[in-house]
Amino acid sequence: MTRPLPGPLSAEVDRVARAERLLVASDFDGTMSAIVDDPAAARTLPETDAAIRALAELPQTVVAVVSGRSLAMLHQLTGLPPAVHLVGSHGMEFDESFAAGLDEADRDRLELLDRQATALAARFAGLQVERKPASIAMHYRHVAPEQRAAAVEAIATGPQLVDGAHVTTGKEVVEVAAVQTSKGYALDRLRAREHVDVVMFVGDDVTDEHAFAVLREGDLGVKVGSGPTAATQRVAGVADVAVLFETLVQLRRDYLSS
Ligand SMILES: O=P(O)(O)OC[C@H]1O[C@H](O[C@H]2O[C@H](CO)[C@@H](O)[C@H](O)[C@H]2O)[C@H](O)[C@@H](O)[C@@H]1O
């Protein structure tokens, strides 16, 4: 038996579980997976993985993971079946052909950003550069504490100032994209394409606020952890996310079989 959620959240999950057609969308890092030192070592909590798979098997229930990761990395890290829609690059990468759609100016900008990030990685030991189809993430988690402010400043006065670059900040990471990204765009697109009448989104980071911002009356946004948010509900951490999804599976199954 899954342990109970706090009262107000429990009531909200019970409400969305009764949607005619429901979209359940989740962020990956910090939501399905704990934040870990090595981005390549992130893994979905087993309970969350099982709940996501179970939800995706239910009728009238659409499940998506909307992440800042590249789509290829998201596939690799989650190993989820095709029944779960994966969207990478902070809501822009719906399929592997996304990069081919970048125009010449976008590609030139991406190369410039890559060159600048590579130069900064040579200057600051521990600065990790993660290359994605339309952006470059610079992780400063492993830069020596006394060098961190200088590294962040160098990013702010270098790649961040590249003409047309779009900047997002996250957990010990600054990401510069050649194109505008938005998890809100992904939710709007999924909502329309899948003809759902209720959307539930769960996320922990700054970019997830774009998704919370497009939620409508009757939807449900759940913020993971502390910090300002437009979400109406909150859980403390990834273990609670597992309970949230497990509870939703039970309630949705009950509703659909009633
Ligand atoms: O939108 P998300 O699925 O939450 O992805 C956001 C970024 O997550 C990853 O970085 C973060 O998680 C890493 C693993 O826990 C951690 O080491 C890092 O410090 C965090 O910033 C990922 O590497 C990025 O590409 C995503 O944009």
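If you're wondering where the values come from, they're calculated on a predicted model, not measured in any experiment. For ligands, and for the atoms within them, numbers begin at 1 and follow the listed sequence. Starting from 1, each residue takes its place in the sequence as its number. Quick note: numbers below take in every heavy atom, side chains included, and nothing from hydrogens, waters or symmetry partners.
- With no hydrogens or angles considered, a side-chain donor-acceptor pair links R131 and T118 at under 3.5 Å.
- With 3.5 Å as the limit, one finds no donor-acceptor pair spanning the side chains of R234 and T229.
- Between the side chains of T207 and D205, no donor N or O sits under 3.5 Å from an acceptor N or O.
- Applying the side chain to side chain donor-acceptor pair (under 3.5 Å) test to pairs two or more places apart or on separate chains, those with a residue in residues 34-49 are D49-R53.
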Identify the protein atoms, limited to N or O, that lie within less than 3.5 Å of an N or O atom of ligand 1, and list each pair with its distance to 0.1 Å.
residue, atom, partner, partner atom, Å
ligand 1, 1 (O), D27, OD1, 2.7
ligand 1, 1 (O), G68, N, 2.7
ligand 1, 1 (O), K183, NZ, 2.7
ligand 1, 3 (O), D27, OD1, 3.0
ligand 1, 3 (O), F28, N, 3.2
ligand 1, 3 (O), D29, N, 3.0
ligand 1, 3 (O), D29, OD2, 3.4
ligand 1, 3 (O), S67, OG, 2.7
ligand 1, 4 (O), D27, OD1, 2.6
ligand 1, 4 (O), D27, OD2, 3.2
ligand 1, 4 (O), D29, N, 3.4
ligand 1, 4 (O), D29, O, 3.0
ligand 1, 5 (O), D29, OD2, 3.2
ligand 1, 8 (O), D29, OD2, 3.0
ligand 1, 15 (O), V36, N, 2.7
ligand 1, 15 (O), V36, O, 3.3
ligand 1, 17 (O), V36, O, 2.5
ligand 1, 19 (O), R141, NE, 2.8
ligand 1, 19 (O), R141, NH2, 2.9
ligand 1, 19 (O), K171, O, 3.0
ligand 1, 21 (O), K171, O, 2.6
ligand 1, 23 (O), E130, OE1, 2.7
ligand 1, 23 (O), H139, NE2, 3.3
ligand 1, 25 (O), E130, OE1, 2.8
ligand 1, 25 (O), E130, OE2, 3.0
ligand 1, 25 (O), K132, NZ, 2.5
ligand 1, 27 (O), K132, NZ, 2.9
ligand 1, 27 (O), E175, OE1, 3.4

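- E209 places a side-chain N or O within 3.5 Å of a backbone atom of A230 that can act as its donor or acceptor partner.
- Side-chain atoms of R15 come within 3.5 Å of backbone atoms of D219 as a donor-acceptor pair (strictly under, hydrogens ignored).
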